[in-house]
Amino acid sequence: MAYNLLKGKKGIIFGALNEQSIAWKVAQRAVQEGAEIVLSNAPIALRMGELNKLAEECKAPVIGADVTSNDDLVNLFTKTQEHFGGGVDFILHSIGMSVNVRKGIPYPENNYDFTHKGFDISALSLHRVLSTAMKMDAINEWGSVLALTYIAAQRVFPDYNDMADNKAYLESIARSFGYYYGKKKHVRINTISQSPTRTTAGSGVKGFDGFINYAEKMSPLGNADADQCADYCVSMFSDLTKMVTMQNLFHDGGFSFTGVTQEVIEQMEK
């Protein structure tokens, strides 16, 4: 059901790869709510993914950008402003990658070249996006920026590896930049800490099925799925949440504040 929450708004969605992607769902919901969007992903993702299918559905241009490249981001914002005839009202940062995870290298033995690459793509990219946008005045007054994160930034999930460090830094960037962009142009910046969700990226984490099953048992409301996350993102892009900024918002069915549940106790007593 649509409520026209984003009628007249324009935005950029980073990170949609295929129908499993949370960013894919957010793009669809944003358009359903009246927004116009630009889709962006890394050149390799554009070749491997199915973004053109989403672009056709959403009537959105695709502008490739390597988020580790300042030049690519300048090009993205330039072309986006030309397309819309002005700035954007919202941005979704749904970007994350760990070479250490992909190669099965345990955290105590991380390859630091791989660590730097994952850090650059997964966390520092948010700083680059926001810095470039601020310099180019690419986000409109009272705009909203969201980055997707995970509770491993605060708690240890062994096989999440160096992505936990990346997410912790991502959340810190959102808080810090939220201050500066808020003071400058009332742009609000938040992170959403989503339940473990079956995406292409998430499925690459060892023991991911265990993550999901455990979180389901530990969450009073159960795990939040990708469609529900898209609903939350849309509400955060809307004018209904204009005074929410610099927050890490848990969207996890209550997992983050639950010590233990009866289901887990019963499982451990078997």
Test: K185 and D137 ion pair at under 4.0 Å: yes

Using a strict 4.0 Å threshold on nitrogen-to-oxygen distance, state whether D66 and R128 make a salt bridge. no

Please round to the nearest 0.5 Å and tell me the distance separating atom [atom1] of [X] and atom [atom2] of [Y].
X	Y	atom1	atom2	result
S94	W24	OG	CH2	13.0 Å
D231	E33	CG	CD	8.0 Å
L54	K59	CG	NZ	12.0 Å
S219	E263	OG	CD	10.0 Å
F119	L124	CZ	CG	5.0 Å

Any [X] side-chain heavy atom under 4.5 Å of [Y] side chain:
X	Y	answer
T261	V264	yes
L17	E50	no
I37	V31	yes
I139	I91	yes
R198	D209	yes
L148	C229	yes
V145	R188	no

With no hydrogens and no angle check, do the side chains of [X] and [Y] hold a donor and an acceptor under 3.5 Å apart?
X	Y	result
T68	D120	no
T149	N248	no
D165	Y107	yes
N161	N110	yes
S125	H93	yes
T191	E171	no

[Y] reachable from [X] in the ILVMFWY side-chain graph, under 4.5 Å edges:
X	Y	answer
F255	Y150	yes
V99	V101	no
I95	F114	yes
L126	V187	yes
M97	L73	yes

A quick test of your reading: do over 12 heavy atoms of other residues, nucleotides or ligands sit less than 6.0 Å from [atom1] of [X]?
X	atom1	answer
E56	CD	no
K184	NZ	no
K117	NZ	no
Y232	OH	yes
I44	CD1	no

Indicate yes or no for a side-chain donor-acceptor contact from T245 to the backbone of I189 under 3.5 Å, with no hydrogens or angles considered. yes

Donor-acceptor contact present, side-chain R175 to main-chain L170, <3.5 Å: no

Between I12 and the options V129, V88, D89, the side chain to side chain contact (heavy atoms under 4.5 Å, CB included) test singles out V88

Parallel, tilted or perpendicular: rings of Y180 and F177 (30°, 60°): perpendicular

Start with the C-alpha gap between K53 and E19, add the side-chain angles, then the distance that decides, and say whether salt bridge (Lys or Arg N to Asp or Glu O under 4.0 Å) holds. CA-CA 10 Å; K53 176 182 174 183; E19 291 182 357; 2.5 Å; yes

